[in-house]
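We use all heavy atoms of the structure for the numbers below, so side chains are in, but hydrogens, waters and symmetry mates are not. It should be emphasised that the depicted structure is a prediction, and the values quoted were computed from it without experimental measurement. Chain identifiers are assigned alphabetically (A, B, ...) following the order of the sequence lines, protein sequences preceding nucleic acid strands; residue numbering begins at 1 within each chain.
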There are 2 protein chains.
Amino acid sequence: MKRAKHRSDCPTNFTLEILGDSWSLLIIRDLAFKGKSYYGDFLDSDEKISTNILANRLNMLEVERIIKKTQDPNKKSKIIYRLTNKGLDLLPTLIEATLWGAKYYPKHNAPKKFIIRARDNRVEFIKEIRTKLKGKI
Amino acid sequence: MKRAKHRSDCPTNFTLEILGDSWSLLIIRDLAFKGKSYYGDFLDSDEKISTNILANRLNMLEVERIIKKTQDPNKKSKIIYRLTNKGLDLLPTLIEATLWGAKYYPKHNAPKKFIIRARDNRVEFIKEIRTKLKGKI
DNA sequence: CTGTATCCTTAGGGATACTG
DNA sequence: CAGTATCCCTAAGGATACAG
């Protein structure tokens, strides 16, 4: 929630200070790849994040302007989470991390088509996801 | 040091279970970008990792076969750390994370040339680093 | 449904001293 | 130089109950 001073001025370090934990990027994965938008959706993911951690990470990501909250136009009580442009700029990092995981964890359950397309058609793949999600913004 | 069971079979999650902390990728950065090879070199980095954490992470990365230890041929007492092929496969992830950091942290101290080349000539850039480091393996 | 709040346990990590 | 070991504190995080 608070991060007073940077450990260094290295850009790699900067990214790690924001995303260097084992939960933040999973939320971004849910938003980017799984089409999730609601608090309950994130809670339901396979990794079973607990509610206090989820709330904490959503706050941090919002403070960093990686995600933003909006009201569901239909149901006023529902809150929608979306990636900002800054968040969408994490797609390449997210994809590379996923491809590395897929390569060295053969038992993974991601669709083969997804992996192959991300790997062999990277630029178009990213563009496609961007425009799909941008439509919602 | 021990990681009994995976939280899920998602490849993104797999990567995060190994590298989802704020130190591991910095060591890989030192190996990949800064030409560092020795324990003391890692200790000296700007982020000031403490010695117990460094030793812990080096062990984890070795267990995961992302790095490997060898003896310095000249000085028998010296130990050299190198990236394995699996570790070199993290270059894309590392670079994308760094580019994102560079974009949103304008005060970063990475050489402009480095960032521009990584961004605009990504494939060749990765190939270049690979062959340079492979020469040492 | 979207969180907060609390309790409690473990893991992360800084500082520092020490060893072959 | 390349670690180990210890001390000690804080942050992370699981479980669960509760609230608007």
Side-chain angles (χ1 to χ4, degrees), chain A residues 1-8 13 16-27 30-31 34-64 67-82, chain B residues 1-8 13 16-27 30-31 34-64 67-82:
Chain A
M1 210 75 197
K2 50 89 219 295
R3 195 182 52 261
K5 203 67 184 62
H6 296 297
R7 298 182 295 190
S8 79
N13 176 64
L16 288 173
E17 284 183 349
I18 297 178
L19 298 166
D21 73 287
S22 61
W23 293 112
S24 302
L25 218 56
L26 287 183
I27 297 173
D30 282 351
L31 287 161
K34 311 241 182 186
K36 299 191 175 182
S37 310
Y38 301 114
Y39 192 90
D41 294 340
F42 304 131
L43 273 185
D44 272 350
S45 288
D46 290 342
E47 293 84 11
K48 293 287 161 247
I49 190 171
S50 55
T51 173
N52 53 342
I53 303 298
L54 176 59
N56 172 275
R57 292 307 190 280
L58 287 173
N59 278 325
M60 293 186 54
L61 291 172
E62 199 192 3
V63 166
E64 298 293 342
I67 63 173
K68 63 162 178 274
K69 302 163 75 162
T70 54
Q71 296 255 352
D72 191 318
N74 305 333
K75 304 176 187 181
K76 205 177 111 66
S77 67
K78 276 198 152 230
I79 286 174
I80 303 182
Y81 292 94
R82 300 235 180 280
Chain B
M1 210 76 196
K2 51 88 219 296
R3 194 182 51 259
K5 203 69 185 63
H6 294 297
R7 296 181 297 190
S8 79
N13 176 64
L16 287 173
E17 285 183 348
I18 297 178
L19 298 166
D21 74 285
S22 62
W23 293 112
S24 302
L25 218 56
L26 287 183
I27 297 173
D30 282 351
L31 287 160
K34 312 240 181 186
K36 299 191 174 182
S37 311
Y38 301 113
Y39 192 91
D41 294 339
F42 304 132
L43 273 185
D44 272 349
S45 287
D46 290 342
E47 293 84 10
K48 293 285 161 251
I49 190 171
S50 54
T51 173
N52 52 342
I53 304 298
L54 176 58
N56 172 275
R57 292 306 192 280
L58 287 172
N59 278 326
M60 293 187 56
L61 291 172
E62 199 192 3
V63 166
E64 297 293 341
I67 63 174
K68 62 164 179 274
K69 303 164 75 162
T70 53
Q71 296 255 351
D72 190 317
N74 305 333
K75 304 175 185 181
K76 206 177 110 67
S77 67
K78 275 200 153 227
I79 286 175
I80 302 181
Y81 291 94
R82 300 238 180 278

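The two atoms that bring A:I18 and A:E64 nearest to each other are CD1-OE1, 3.5 Å, heavy atoms only. The two residues B:I27 and B:F42 come nearest to each other via the heavy atoms O-CE2, 4.2 Å. Nearest heavy-atom pair across B:S24 and B:L61 is O-CD1, 4.2 Å. Here the closest non-hydrogen pair linking A:D21 and A:W23 is OD2-N, 2.8 Å.
Taking atom CD of A:Q71 as the reference point, atom P of D:dG20 lies 18 Å away to the nearest angstrom. When the P atom of D:dG13 is taken as reference, atom CG of A:N56 falls 8 Å away, rounded to whole Å. Taking atom CG of residue A:N59 and atom P of nucleotide D:dG13, one finds them 15 Å apart after rounding to whole Å. Rounded to whole Å, the distance from CD1 on A:I49 to P on D:dG13 is 8 Å. Rounded to whole Å, the distance from CH2 on B:W23 to P on D:dA11 is 15 Å. One can place CG of B:D72 at 13 Å from P of D:dC1, the figure rounded to the nearest angstrom. With rounding to whole Å, B:L54 atom CG is found 13 Å from C:dG13 atom C1'. B:I53 places its CD1 atom 13 Å from the C1' atom of D:dT6, with the value rounded to the nearest Å.
Only one option out of B:D72, B:L43, B:D30 pairs with B:Y38 in a side chain to side chain contact (heavy atoms under 4.5 Å, CB included); it is B:D72.
Axis angle across the helix from C:dC1-D:dG20 to C:dG20-D:dC1, with five pairs used at each end and values rounded to 10°: 40°.
Among pairs with a residue in residues 38-54 of chain B, those fulfilling salt bridge (Lys or Arg N to Asp or Glu O under 4.0 Å) read B:R29-B:E47, at least two apart in sequence or across chains.
When atom types are taken as modelled, the side chain of B:Y81 and the backbone of B:K36 share no donor-acceptor pair closer than 3.5 angstrom.
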Extract from the structure each pairing of a protein N or O with an N or O of nucleotides 1-3 of chain C at less than 3.5 Å, listing the distance.
| from | atom 1 | to | atom 2 | distance (Å) |
| --- | --- | --- | --- | --- |
| C:dT2 | OP2 | A:G40 | N | 2.9 |
| C:dG3 | OP1 | A:K69 | NZ | 3.2 |
| C:dG3 | OP2 | A:Y81 | OH | 2.2 |

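Residue contacts shown for B:N52 include a base, since a base heavy atom lies under 4.0 Å away.
At C:dG12, none of the side-chain N or O atoms of B:R57 fall inside 4.0 Å of OP1 or OP2 (strictly under the cut-off).
For the residue pair B:S45 and B:K34, no side-chain donor N or O sits within less than 3.5 Å of a side-chain acceptor on the partner.
Atom CG of residue B:L31 and atom CG of residue B:L26 lie 11.0 Å apart, to the nearest 0.5 angstrom.
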